Novice: 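The following block contains the structure, expressed as C-alpha cells.
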Amino acid sequence: MSEVLTASRIPLENYAEVVGAGEIEELRALAKPLRGRSIEMINSTAVGGGVAEILNRLVPLAEELDLGIRWDVMKGAEEFFDVTKSFHNALHGEPYHAKPKDFEIFLSYNEQNRATLPLDAEFVVIHDPQPAALIDARKPSSNHWVWRCHIDLSHPNRAVWDFLEKFVTRYDGAMFSSPEFSRQLSIPQYLFYPAIDPLSEKNCPLDSEFIEQVLRRYQIDPQRPILTQISRFDRLKDPVGVIRAYRIVKRYFDCQLVLAGGSASDDPEGALVLKDALRAAEQDPDIKILELPAWAPLEVNALQRASTIVVQKSLREGFGLTVSEALWKKKPVVASAVGGIPSQIIHKHTGLLAHSVEGTAYQIRFLLSHPQIAAKLGENGHEHVKENFLITQKLKRYLALFLMLDRGL
Amino acid sequence: LNTAETPFDFVTASYLTRIGNQSAGTLAELLTGLEHCSDASIFHHTFQTLGTHHFLTEGFSNDFAQWVLASTNRNDLAEQLTALDIRDYMSIAALRSDLCRVVRDFCDAEPQFAAQSGLERFYFCESVEVTVPLGRSTRNLDEFREGLEHLSHASFYFHFISSRLRLQLQTNDFSLWLSGSLGLRTLADSVNQIDIYTNTLDSARTKMLRLIDRERRKA
C-alpha cells in the first residue's frame with residue numbers, strides 16, 4: 001500500500017481558539033464547492049522532513065472539510081533515493097556530475113510508481129523533484145496537476161534542472177516557498193509558504209513549570225538574558241558565527257547562549273560542525289550546546305519560550321520555519337536575510353535582519369537595550385505568523401488553488 | 001430600523017500570490033518594473049499588502065516603500081512612497097503613475113543611488129482573488145452588525161479595502177450599502193473615514209461596530 005493513513009488528528013474546531021471562529025467558517029465556505037472532490041498528494045516519505053510533517057497535519061484537516069483527499073508515498077529502493085538525494089543537493093547548487101545512469105534510475109522508479117499509484121484524482125499535487133516524472137501518467141485534459149517545490153531553485157545545477165524542467169513545465173502550475181526560489185517558467189508560479197501547527201507539541205502553550213524544569217535540566221539561568229539558535233549542526237546554520245556574535249554581545253551584556261539541535265551522531269558532517277562549535281565555545285559555561293534526541297519538540301518549545309532573543313544566523317536557508325516558531329511565541333528574532341527568512345522577518349516590523357556576525361551582534365545588543373521595541377517586534381511577529389504561516393492558512397491556500405484551477409482563473 | 005430592498009451578501013475571498021517574472025535589484029530596476037508590471041502586481045503590492053500586513057500600524061504602507069527602506073536604506077524615498085494613500089486613487093493606472101513619478105524624481109535627483117544594488121531583490125508578484133459566498137445575507141442594521149462581527153480577516157479586507165478598487169470609487173462595499181440601501185449616509189461616511197493605515201483589520205472592525213451601535217441607539 002502506498003497510501004499514508006495519518007494517525008494524529010486535531011479537530012478543526014480546536015483551531016478556532018487560535019485563529020478565530022470566522023477563519024474556520026471561511027475554510028468551510030471555501031471547501032463547500034469542493035466537497036467530495038478528489039485530491040491526491042504525493043511525496044517520497046511518510047515520516048521525517050518538513051513535507052511529511054505538514055501533510056500529516058494538513059490531510060486530516062482537509063478530510064474534516066469533506067474533501068476526498070488521499071496521501072500517497074512513492075516507493076523506491078536505495079539506488080533511487082541516492083540519486084534523488086544527489087539531485088536535491090545539485091538543485092541547491094552543489095557541484096554534481098550527473099551520469100546518464102542516474103537519469104535512467106530516476107525515470108525507471110517513476111515509471112514503476114506510475115503503474116501502482118492511482119493518479120486519477122481531480123487535483124494531483126506532486127511534492128518535490130522525486131515524483132516529478134509521474135506527470136507522464138496524466139491523461140490529456142482530464143485533471144489538474146500541480147508541482148509543489150519545497151527547495152531553493154535559484155542556483156540549480158544546470159544538467160539536473162534541464163532534465164527536470166521538461167517535466168515541470170507540463171504541470172498546470174508550480175508552487176514555491178519564496179519568490180527567490182522560483183525559476184523563469186512557462187507555467188504559472190505561486191507563492192506557497194510552509195506552515196507551522198500552533199497546536200503541535202513544538203508550538204502549543206506550555207506551563208511555566210515545565211519551562212523552568214527544562215532550564216534547570218540544562219543549567220540555564222532564567223534570570224539572565226538567553227540567546228537561542230535552534231538548528232541542526234550544519235555549516236550553513238553557522239553555529240560558530242553565532243558564537244562569535246554572542247562574544248561581541250557578551251562584552252556589553254551578561255548573557256547566555258543556547259545552541260540546540262538534533263543529534264549529530266549519525267551525520268558525519270554534523271559531527272564535525274558540532275566539534276567546531278564546541279571548540280569555538282572554549283568551555284564558556286554560559287554557552288550551552290545541546291544535542292536534543294530526535295528534536296524533542298516539547299524541549300525545543302520550552303527553550304524558545306524561555307529565550308530573550310531567538311537568533312537564526314544561517315548562511316543559506318530553505319524557508320527557516322524555526323523563525324516562524326519563535327515569532328509565534330512572540331519572541332524578538334534576529335536573523336540573516338537569506339532564503340525564506342525575509343518573508344518572515346519584515347525588517348524593523350516583525351524582527352531584525354542582519355548580514356554579518358557584527359550586524360547580528362549589533363541587532364541583539366539593540367534589542368537587549370530596548371526591551372519595549374523587542375516586545376513590539378515579538379507581538380507583530382506573532383500576528384504575522386497568524387496571518388500567513390499557520391497550517392490553517394496553508395489549507396486555505398490549497399483550497400483557493402483548487403478553486404482557481406476548477407474555475408480556470 | 002430601515003429594511004433594505006437589496007440585501008448585503010457577505011462574501012469571503014482567498015488570495016493566491018502569483019510570482020511574476022520580473023524582479024529589481026536597484027532603484028532604477030524598480031522604476032522599470034513599476035512601469036512594466038501588470039496592474040495586478042501594483043494591486044498586490046499596495047492594496048493586498050495592507051490585508052496581509054494589517055497588524056503593522058506604524059510606518060508600513062506598501063511593499064515598494066518597505067523594500068526601499070530595508071534593502072536600499074533610502075529613508076527619504078521610502079517616506080515618499082509610504083505617503084501614497086490608496087484611498088486617493090480610483091484606478092491602478094493613476095496609482096502606478098504616482099509610484100513611477102516618485103521613484104523617477106528620486107533617481108533623477110540622486111543618480112548615484114539609482115544603480116546601487118539593494119541588499120535583497122524585489123520580486124514583482126500578483127494576487128489572484130478567489131471569492132465564495134458565505135451564505136449570509138442581511139437586510140437591516142442589526143443583521144449587518146451580526147455578520148460584520150463574525151467576519152474573517154479576508155472577508156473584511158475584501159469588503160472594506162479591496163472593494164475600493166473594484167467599485168472604481170472612493171468608498172467601500174459597507175459604506176456603499178449603508179448609504180445606498182439603508183439611506184444611512186452619515187454612518188457610511190464615518191465608516192469610510194476609518195484609517196486603514198493606522199488601524200489593524202480588527203481595530204477597524206471594532207470602530208465600525210461602535211459607529212453602528214451609536215446609530216442603533218439613535219434609532
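Lettering follows sequence order; numbering is per chain, from 1. Everything quoted here is computed from the prediction, not taken from an experiment.
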Novice: Which bit of A:N380 comes within less than 4.5 Å of chain B, counting heavy atoms only: side chain, backbone, both or neither?
Specialist: both

Novice: Just give me the residue among B:H153, B:H150, B:E129 that pairs up with chain A most often, heavy atom to heavy atom, under 4.5 Å.
Specialist: B:H153

Novice: How about A:P179 and B:C125: do any of their side-chain heavy atoms sit closer than 4.5 Å?
Specialist: yes

Novice: Tell me, with the steps shown, if B:E120 and A:E180 meet side-chain contact (heavy atoms from CB on, under 4.5 Å).
Specialist: CA-CA 10 Å; B:E120 290 106 39; A:E180 202 182 327; 5.9 Å; no

Novice: Is the shortest side-chain heavy-atom distance between B:L56 and A:E383 below 4.5 Å?
Specialist: no

Novice: Name the region of A:H349, side chain, backbone, both or neither, that has any atom closer than 4.5 Å to a heavy atom of chain B.
Specialist: both

Novice: Any idea which heavy atoms bring A:M404 and B:V128 closest together, and the distance?
Specialist: SD-CG1, 3.7 Å

Novice: Name the region of A:R28, side chain, backbone, both or neither, that has any atom closer than 4.5 Å to a heavy atom of chain B.
Specialist: neither

Novice: Chain B heavy atoms under 4.5 Å from A:A21: which part of the residue, side chain, backbone, both or neither?
Specialist: neither

Novice: With a 4.5 Å heavy-atom cut-off, do B:V132 and A:K32 have their side chains touching?
Specialist: no

Novice: Look up atom CD in A:Q184 and atom CG in B:N21, then write down how far apart they are to the nearest 0.5 Å.
Specialist: 4.0 Å

Novice: If you measure from OG1 on B:T49 to CD1 on A:I346, what distance do you get to the nearest 0.5 Å?
Specialist: 7.0 Å

Novice: Quick check: closest heavy atoms across A:T350 and B:F55, and the distance to 0.1 Å?
Specialist: CG2-CE1, 4.2 Å

Novice: Flag the one option from B:L151, B:L69, B:L119, B:T57 with the top tally of heavy-atom pairs under 4.5 Å to chain A.
Specialist: B:L119

